[in-house]
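Before any comments, here is the structure.
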Amino acid sequence: MKRVIPLFLILLYTITITAQERYQELITDEVSVQTLTYASKDGENLDLDIYLPEYDAETQRATIIYVHGGGFRVGQRDSEDIQKFCSELAKYGYVTASISYRLTRKDKEGGFGCECPAEEKINTFYAAVEDLQDATFFLIQNRLEFGIDPQKIIIAGSSAGAETVLNTAYQPPYCYGLDSGPVSYAGVIGMAGAIPDTTVIYDESAIPSLLFHGTDDNLVPYATAPHHYCKKGSPGYLVLHGSYTIAQKLDQLEVPYWLHTSCGAGHEMANKPMKEYLDVITDFCYNYVIKGETESRKTIVEGKQDIAKYQPYNFCEK
């Protein structure tokens, strides 16, 4: 049976939302969720879950697209933690979407580790980037239905998802044929991610970035090191540039970033921010994307860094 909302309740919610600061504080405690197919590839439907704040009449909303982790082999867009994360962000007034993408290393020998050839790793990145771009295009095409501002799209991801969003984020504006002009992502949030080439970050491609990472991540390097710390000469030897190195490049370009370093932490920083640092994420989105803050920040969470094992530098010196 369809639920009927009395008009006076709708008006009450509208007045309450107007009185609150969207994106800085909660504007609603109810969220609706829809599952939609944004593309079909290799005989597989690629779906996304879109989370919308209820009783919200705003037609130009900032949007956060989330990409799950799992080594490009496993993972799902609608795990309990992801549902909670996306719902909480929607309560701040964002449109949020969590996407599925092609897990091209699923059931493949060598997974995504040192036995996976470096060229296949690069191709895996490219496939995921293409899927994220297609999901973005789908949301922009349907922006009127969902109340999306195409100039305020933030992408976020964990682990393999962080590698996906970081490889997607630093590209020149793309023309979607909009009256508002070419579209760049408005911001990127990487949780334990890295990229294989920092030359892609330059004046026209650099965007505000929130970068979470542990200094002792044994899979995705915090600074610059081989992926999974594979030995030189192994099939999967591929040098990646993590959060610290990306922040250095953004610093050179004078593009704002927030480098959030957890000393001694490992790859758990791929998921920990969604649970424990939601305030940092909402702070970044509000101040750097919505308000256009230009001063970079560095946060160091204390812990004991294993300097000899993972990096030859003490990144945690104050």
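A donor-acceptor contact under 3.5 angstrom links the side chains of Gln171 and Gln133, judged on distance only. Side-chain contact, Arg77 with Ser100: a donor N or O sits under 3.5 Å from an acceptor N or O. Side-chain atoms of Tyr92 and Gln24 include no donor-acceptor pair closer than 3.5 Å. In this structure, a donor-acceptor pair under 3.5 Å is present between the side chains of Tyr66 and Ser158. For Ser98 and His68, the side-chain atoms include no donor-acceptor pair closer than 3.5 Å. Between the side chains of Arg297 and Tyr288, at least one donor N or O lies within less than 3.5 Å of an accepting N or O.
With sequence neighbours excluded, the residues forming a side-chain contact (heavy atoms from CB on, under 4.5 Å) with Glu115 are Pro235, listed by chain and number. In this structure Thr35 satisfies the side chain to side chain donor-acceptor pair (under 3.5 Å) test together with Asp49, sequence neighbours excluded. Among residues two or more places apart in sequence or in another chain, the ring pair (Phe, Tyr, Trp, His ring centres under 6.0 Å) test is passed with Tyr185 by none. With sequence neighbours excluded, no residue forms a side chain to side chain donor-acceptor pair (under 3.5 Å) with Ser87.
Ile148 is connected to Phe137 through a chain of hydrophobic side-chain contacts under 4.5 Å among Ile, Leu, Val, Met, Phe, Trp and Tyr, so both are in one cluster.
Distance check, rounded to the nearest 0.5 Å: CG of Asp134 to CG of Leu48 gives 11.5 Å.
Sorted by first and then second residue, the salt bridge (charged side-chain N to carboxylate O under 4.0 Å, His left out) pairs involving residues 141-152 (not counting sequence neighbours) form an empty list.
The aromatic rings of Phe138 and Tyr38 sit tilted relative to each other, their planes meeting at an angle between 30° and 60°.
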Check: residues 254-261 side-chain donor-acceptor pairs under 3.5 Å, at least two apart:
from	atom 1	to	atom 2	distance (Å)
Trp258	NE1	Thr299	OG1	2.9
Thr261	OG1	Tyr222	OH	2.7

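Ion pair Glu58/Arg61 not flagged as a salt bridge, since none of the NZ, NE, NH1 or NH2 atoms sits closer than 4.0 Å to an Asp/Glu carboxylate oxygen.
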Inset, instruction - Step by step, work out the side chain to side chain donor-acceptor pair (under 3.5 Å) result for Thr199 and Asp197. - result: CA-CA 6 Å; Thr199 64; Asp197 181 10; 2.7 Å; yes
